[in-house]
There are 2 protein chains.
Amino acid sequence: MPPKKPSGTLSPPVIQRLSEYLLILEQFIAQEQEVVSSRALATVYGNNSSQVRHDIFQIEHKGSQSHGYLCSELIKDIRIALNLQNEKNLCVIGMGNLGRAITAHVPFDRYGMKLSASFDVDPNVIGKKIGGVEIFNSDDMSNIIKEQNITMAALCVPASRAQKTCDLAIHAGVKGILNYSRIRLKVPEHVSVHYEQIICSFMQLSYKCSL
Amino acid sequence: MPPKKPSGTLSPPVIQRLSEYLLILEQFIAQEQEVVSSRALATVYGNNSSQVRHDIFQIEHKGSQSHGYLCSELIKDIRIALNLQNEKNLCVIGMGNLGRAITAHVPFDRYGMKLSASFDVDPNVIGKKIGGVEIFNSDDMSNIIKEQNITMAALCVPASRAQKTCDLAIHAGVKGILNYSRIRLKVPEHVSVHYEQIICSFMQLSYKCSL
DNA sequence: TAGATTGTTAATCGATTAACAATC
DNA sequence: TAGATTGTTAATCGATTAACAATC
């Protein structure tokens with residue numbers, strides 16, 4: 001019998017909430033709040049204390065009964081549960097506004113990820129750096145992905161180029177794609193794609209607002 | 001007894017899927033594919049035909065038994081179900097890379113939304129246009145939101161300014177916020193906030209990839 | 001101690017899937 | 001007609017919430 005549950009045990013809604021609890025807890029730490037109750041966390045997140053405790057129960061973190069959770073310890077255990085300790089390399093493909101936003105402003109290094117390359121086809125930007133990350137020629141993508149052992153990619157290219165680019169990245173070894181392009185991708189079974197269609201988020205919000 | 005179910009009847013997962021079906025169906029139309037079966041749609045979306053039929057059942061669209069759904073008709077009924085016919089005004093606040101990406105590239109007008117203003121504090125960009133949308137001074141936000149009857153906002157400002165900006169927008173009449181800033185917002189009960197934390201999407205993908 | 005709060009199970013609720021009759 | 005596919009209900013599955021004993 002293994003000492004810990006096998007990874008892959010957490011369901012998508014739980015993973016999602018844990019990742020957001022993590023950011024909230026870090027906000028608490030920044031405000032020098034060291035302890036938090038399930039009730040307080042639930043208030044900020046927008047759910048209820050029962051769900052918070054249930055989520056935390058699943059990652060086998062132990063709080064202090066009657067005094068709540070120590071933020072710093074809970075952060076550690078969420079990081080372990082989400083597998084954020086062993087570093088993963090990723091790249092951003094397509095340096096339009098969105099690609100640049102992700103490259104320059106998302107703090108990957110604080111969450112066990114390393115943005116090790118970005119790619120574009122525009123000769124005017126190739127060779128430059130954004131947020132400390134070099135922009136490479138898309139033609140060299142395959143080699144660089146292999147060399148740097150990149151396993152995840154944010155796809156920020158125009159729809160017309162998305163499938164071809166995605167095929168190339170997968171062929172070079174990418175296992176997970178965050179797709180910001182507005183088409184559905186065909187990928188082999190062993191590859192995960194998460195669709196991040198900004199317009200769909202707006203539609204959902206719009207629906208809620210129209211009730 | 002009302003002829004149609006009251007709006008607000010659709011659950012969040014159903015709304016989410018319907019919004020994505022909509023994009024897929026439009027892709028089909030663009031490829032001159034006029035008819036689609038629940039099975040074909042499920043294959044592209046990545047679920048199963050039973051769920052597709054169940055979702056479509058809920059919006060009271062009638063397909064043709066034995067021949068599937070007519071894409072154009074299904075598109076129409078999804079639009080109705082999602083309340084995309086009556087136009088809503090929205091704004092983007094913060095014209096960094098992300099704000100510019102949303103302003104320039106998200107096709108709001110095709111989905112019943114009108115991006116009628118964007119805001120920034122930088123005098124170098126105020127007065128310019130991006131994607132046909134004028135960038136106004138954030139100081140004038142309150143007036144412009146009221147004048148143009150803006151009800152939704154994409155919040156793309158730095159964390160340090162997010163809460164203040166959000167308060168201002170809500171006070172001027174905004175009812176729904178898509179929050180791209182990395183903090184939790186305190187809002188009154190009648191306002192909906194959707195959190196779009198890019199780093200959380202990466203954490204979720206990373207978890208899936210590490211299984 | 002009394003009060004607060006967690007840990008954990010059980011109950012409830014809702015979402016997904018299966019099944020199949022109806023229909024074109 | 002036979003085959004394909006929807007429409008719709010029922011069954012299953014999983015996620016959320018409630019409850020409360022345990023504990024500090």
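Residue numbering restarts at 1 for every chain, and letters A, B, ... go by the order of the sequence lines.
- Each of D/dT8, C/dT6, D/dG3 was ranked by its minimum atom distance to the side chain of B/S66; first place goes to D/dG3.
- An OP1 or OP2 oxygen of C/dT16 is reached within less than 4.0 angstrom by a side-chain nitrogen or oxygen of B/Q51.
- In this structure, the CD atom of A/E60 is 16 Å from the C1' atom of C/dT6, given to the nearest Å.
- Atom CD of A/Q65 is separated from atom P of C/dA2 by 19 Å (rounded to the nearest Å).
- Between the side chains of A/S181 and A/N179, at least one donor N or O sits under 3.5 Å from an acceptor N or O.
- In this model, a donor atom of one side chain and an acceptor atom of the other lie less than 3.5 Å apart for A/Q163 and A/D167.
- In this structure, the CZ atom of B/R53 is 14 Å from the P atom of D/dT9, given to the nearest Å.
- For the OP1/OP2 pair of D/dT8 and a distance below 4.0 Å, the side-chain nitrogens and oxygens of B/K62 include at least one atom meeting the criterion.
- In this structure, the NE2 atom of B/H61 is 7 Å from the P atom of D/dG7, given to the nearest Å.
- A donor-acceptor contact under 3.5 Å is not formed by the side chain of B/S11 with the base of C/dA15.
- Aromatic ring centroids of B/Y21 and B/Y45 lie under 6.0 Å apart.
- A heavy atom closer than 4.0 Å to some atom of DNA chain D occurs in B/S37, B/S38, these being the qualifying members of residues 33-42 of chain B.
- A/Y69 has no side-chain polar atom (N or O) that falls below the 4.0 Å cut-off from OP1 or OP2 of D/dC24.
- Between its opening and closing five pairs, the helix from C/dG3-D/dC24 to C/dC24-D/dG3 changes axis direction by 10°, a value rounded to 10 degrees.
- When each of C/dT16, D/dT23, D/dA19 is scored by its nearest atom to the side-chain atoms of B/P13, the top-ranked nucleotide is C/dT16.
- For an aromatic pair to be called close, the ring centres must be under 6.0 Å apart, and B/F108 with A/F202 satisfies this.
- Comparing atom distances between the B/R17 side chain and each of D/dG7, C/dG7, C/dT16 picks out C/dT16 as nearest.
- Candidate nucleotides C/dG7, D/dT17, D/dG7 were compared by shortest atom distance to the side chain of A/H54, and D/dT17 ranks first.
- Looking at heavy-atom distances under 4.0 Å, A/S50 makes contact with a base.
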